[in-house]
Visitor: 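Dropping a structure here in structure tokens format, bear with me for questions.
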Amino acid sequence: MKKSATVTISVLLAALSACSVFQDGPTAVAELEATKGNAVWGKVSFVQVAGKVIVRADVRGLRPSAQFGFHVHEKGDCSSLDGMAAGGHFNPTAKPHAHYSVAERHASDLASLRSDAEGVAVYAFETNLLSVTPGPTSVVGRAIIVHAEPDDYRAQPTGNSGARIACGLIRAV
């Protein structure tokens with residue numbers, strides 16, 4: 001009986017591993033580092049699956065119980081102390097800045113991060129406007145920025161999200 005259960009589990013695991021359930025698509029990651037005067041750090045991943053990109057983040061050192069603008073920026077350059085070397089929002093289709101639920105928006109318009117009482121934000125967001133694979137909407141070689149304030153989703157072209165408090169270069173893995 002024990003052998004039968006082991007065989008059944010082995011067959012089930014083999015079948016599941018052949019499915020896309022355990023297979024990841026093209027992936028990119030960014031290690032967030034604080035800009036001058038800030039203590040924010042974390043990791044962001046981008047996984048492309050079935051024509052969409054799943055953005056996941058674990059960000060620490062944020063102001064407790066607050067929201068923060070969170071965008072992909074056009075240049076993969078986090079060398080400046082204020083994060084400005086990353087350029088503006090990544091906008092390959094020349095759309096206006098808008099709420100992440102609106103179809104006509106910057107490809108980089110993501111939902112804001114929300115920190116808990118300890119200043120930690122655990123985040124997941126899905127978009128069909130970005131890609132990890134090469135092409136005009138690819139995030140690879142760009143930067144991800146955490147802003148000091150929440151995105152108002154109206155002000156052009158940035159959403160009035162304030163200073164850049166963390167920056168990470170997005171690299172393919």
Visitor: Rounded at 0.5 Å granularity, tell me how far NE2 in His106 sits from OG1 in Thr93.
Guide: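 That separation rounds to 8.0 Å.
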Visitor: With sequence neighbours left out, what residues match Glu33 under side chain to side chain contact (heavy atoms under 4.5 Å, CB included)?
Guide: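 Expected list: none.
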Visitor: Is the shortest side-chain heavy-atom distance between Val140 and Phe46 below 4.5 Å?
Guide: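 They are not in contact (no side-chain heavy atoms under 4.5 Å apart), so the answer is no.
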Visitor: Any pair with a residue in residues 32-65 that passes disulfide (SG to SG under 2.5 Å), sequence neighbours left out, goes on the list, sorted by first then second residue, please.
Guide: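 Pairs touching residues 32-65 that pass the test: none.
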Visitor: For a 4.5 angstrom cut-off between non-hydrogen side-chain atoms, does Val146 reach Leu62?
Guide: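 They are in contact (side-chain heavy atoms under 4.5 Å apart), so the answer is yes.
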Visitor: Would you check if the side chain of Gln67 reaches a backbone N or O of Glu149 as a donor-acceptor pair within less than 3.5 Å?
Guide: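 It does not hold such a pair.
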Visitor: Are the side chains of Val102 and Asp109 in touch, meaning some heavy atoms are under 4.5 Å apart?
Guide: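 Side chain of Val102 against side chain of Asp109, heavy atoms only: no contact under 4.5 Å found.
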Visitor: Arg142 side chain to Glu74 main-chain N or O, any donor-acceptor pair under 3.5 Å?
Guide: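 Yes; at least one donor-acceptor contact below 3.5 Å.
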Visitor: Who are the salt bridge (Lys or Arg N to Asp or Glu O under 4.0 Å) partners of Glu104, not counting sequence neighbours?
Guide: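 Listed in chain order: Lys95.
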Visitor: What are the two closest heavy atoms between Val44 and Ala57, and how far apart are they?
Guide: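 It is CG2-CB, 4.0 Å.
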Visitor: Going by side-chain hydrogen bond (donor to acceptor under 3.5 Å, both in side chains), name the residues that satisfy it together with Glu31, two or more places apart in sequence or in a different chain.
Guide: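 Per chain and number, Glu31 pairs via side-chain hydrogen bond (donor to acceptor under 3.5 Å, both in side chains) with no residue.
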Visitor: Determine whether Val72 and Tyr100 fall in the same hydrophobic cluster, where Ile, Leu, Val, Met, Phe, Trp and Tyr are linked whenever their side-chain heavy atoms lie under 4.5 Å apart.
Guide: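 Same hydrophobic cluster.
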Visitor: Which hydrophobic side chains are connected to Val29, either touching it within the sub-4.5 Å cutoff or through other members that do?
Guide: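 Other cluster members: Val173.
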Visitor: Would you say Thr27 and Val132 make side-chain contact, with heavy atoms under 4.5 Å?
Guide: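 Side-chain contact under 4.5 Å: no.
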Visitor: Can you get from Leu169 to Ile145 by hopping between Ile, Leu, Val, Met, Phe, Trp and Tyr side chains that sit under 4.5 Å apart?
Guide: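 Leu169 and Ile145: separate clusters.
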Visitor: Nearest 0.5 angstrom please: Ser79 OG to Met84 CE, how far?
Guide: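 The OG atom of Ser79 sits 12.5 Å away from the CE atom of Met84.
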Visitor: What pairs with Lys43 under salt bridge (Lys or Arg N to Asp or Glu O under 4.0 Å), at least two apart in sequence or on another chain?
Guide: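 Applying salt bridge (Lys or Arg N to Asp or Glu O under 4.0 Å) to Lys43 gives none.
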Visitor: Mind checking side chain to side chain contact (heavy atoms under 4.5 Å, CB included) for Thr127 and listing every partner two or more places apart, or none if nothing turns up?
Guide: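 Residues passing side chain to side chain contact (heavy atoms under 4.5 Å, CB included) with Thr127: Val53, Arg105, Phe125, Leu129, Leu130.
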Visitor: Not counting sequence neighbours, list each pair that qualifies as a side chain to side chain donor-acceptor pair (under 3.5 Å) and has a residue in residues 158-173.
Guide: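 Residue pairs passing side chain to side chain donor-acceptor pair (under 3.5 Å), neighbours aside: none found.
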Visitor: Under the side-chain hydrogen bond (donor to acceptor under 3.5 Å, both in side chains) rule, collect the residues that match up with Thr35, sequence neighbours excluded.
Guide: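 Only Asn38 meet the side-chain hydrogen bond (donor to acceptor under 3.5 Å, both in side chains) criterion with Thr35.
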Visitor: For Cys167 and Ala86, which heavy atoms make the closest approach, and how far apart are they?
Guide: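 Here Cys167 and Ala86 meet closest at SG-CB, 4.4 Å.
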Visitor: Could you list the residues that satisfy ring-ring contact (aromatic ring centres under 6.0 Å, His included) with Tyr123, not counting sequence neighbours?
Guide: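 For Tyr123, the residues satisfying ring-ring contact (aromatic ring centres under 6.0 Å, His included) (neighbours in sequence not counted) are Phe70.
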Visitor: With sequence neighbours excluded, tell me which residues meet side-chain hydrogen bond (donor to acceptor under 3.5 Å, both in side chains) with Asp82.
Guide: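 Asp82 satisfies side-chain hydrogen bond (donor to acceptor under 3.5 Å, both in side chains) with Ser80 only.
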Visitor: What's the shortest heavy-atom distance between Ala107 and Pro92, and which atoms?
Guide: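 Answer, listing the atom of Ala107 first, then Pro92: CB-CD, 3.8 Å.
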Visitor: Given the rule that I, L, V, M, F, W and Y join up when any side-chain heavy atoms are under 4.5 Å apart, are Ile144 and Tyr153 in one cluster?
Guide: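 In one cluster with Ile144: Tyr153, yes.
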Visitor: Where do Ala117 and Pro64 come nearest, in terms of heavy atoms and distance?
Guide: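 Between these two residues, the closest heavy atoms are O-CB, 3.3 Å.
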Visitor: A side-chain contact here means heavy atoms from C-beta on lying under 4.5 Å apart; do Arg63 and Phe68 qualify?
Guide: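 The answer is yes; the side chains approach within 4.5 Å.
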Visitor: May I ask you to decide if His97's main-chain N or O and Gln156's side chain share a donor-acceptor pair within less than 3.5 Å?
Guide: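 Checking the backbone N and O of His97 against the side chain of Gln156, a donor-acceptor pair under 3.5 Å is found.
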Visitor: Could you report the tightest heavy-atom contact between Leu113 and Ala121, atom names first, then the distance?
Guide: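 Of all heavy-atom pairs spanning Leu113 and Ala121, the closest is CB-CB, 4.2 Å.
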Visitor: Contact between His73 and Ser108 at the side-chain level, heavy atoms closer than 4.5 Å - yes or no?
Guide: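 When only atoms from C-beta onward are counted, Ser108 and His73 do not touch, as no gap falls below 4.5 Å.
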Visitor: Indicate yes or no for a side-chain donor-acceptor contact from Ser115 to the backbone of Ala66 under 3.5 Å, with no hydrogens or angles considered.
Guide: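 Yes: the side chain of Ser115 pairs with the backbone of Ala66.
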Visitor: Only counting residues at least two apart or in another chain, list the ones meeting side-chain hydrogen bond (donor to acceptor under 3.5 Å, both in side chains) with His71.
Guide: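 Result, side-chain hydrogen bond (donor to acceptor under 3.5 Å, both in side chains) vs His71: His89, His147, Asp151.
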Visitor: Any side-chain heavy atom of Val59 within less than 4.5 Å of one from Val120?
Guide: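 They are not in side-chain contact.
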Visitor: Side-chain contact test, heavy atoms from C-beta onward, threshold under 4.5 Å: evaluate it for Trp41 versus Arg60 and give yes or no.
Guide: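 In short, these two side chains touch, coming nearer than 4.5 Å.
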Visitor: Less than 3.5 Å apart, any donor N or O on the side chain of Ser131 or Ser138 sitting next to an acceptor on the other?
Guide: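 No.
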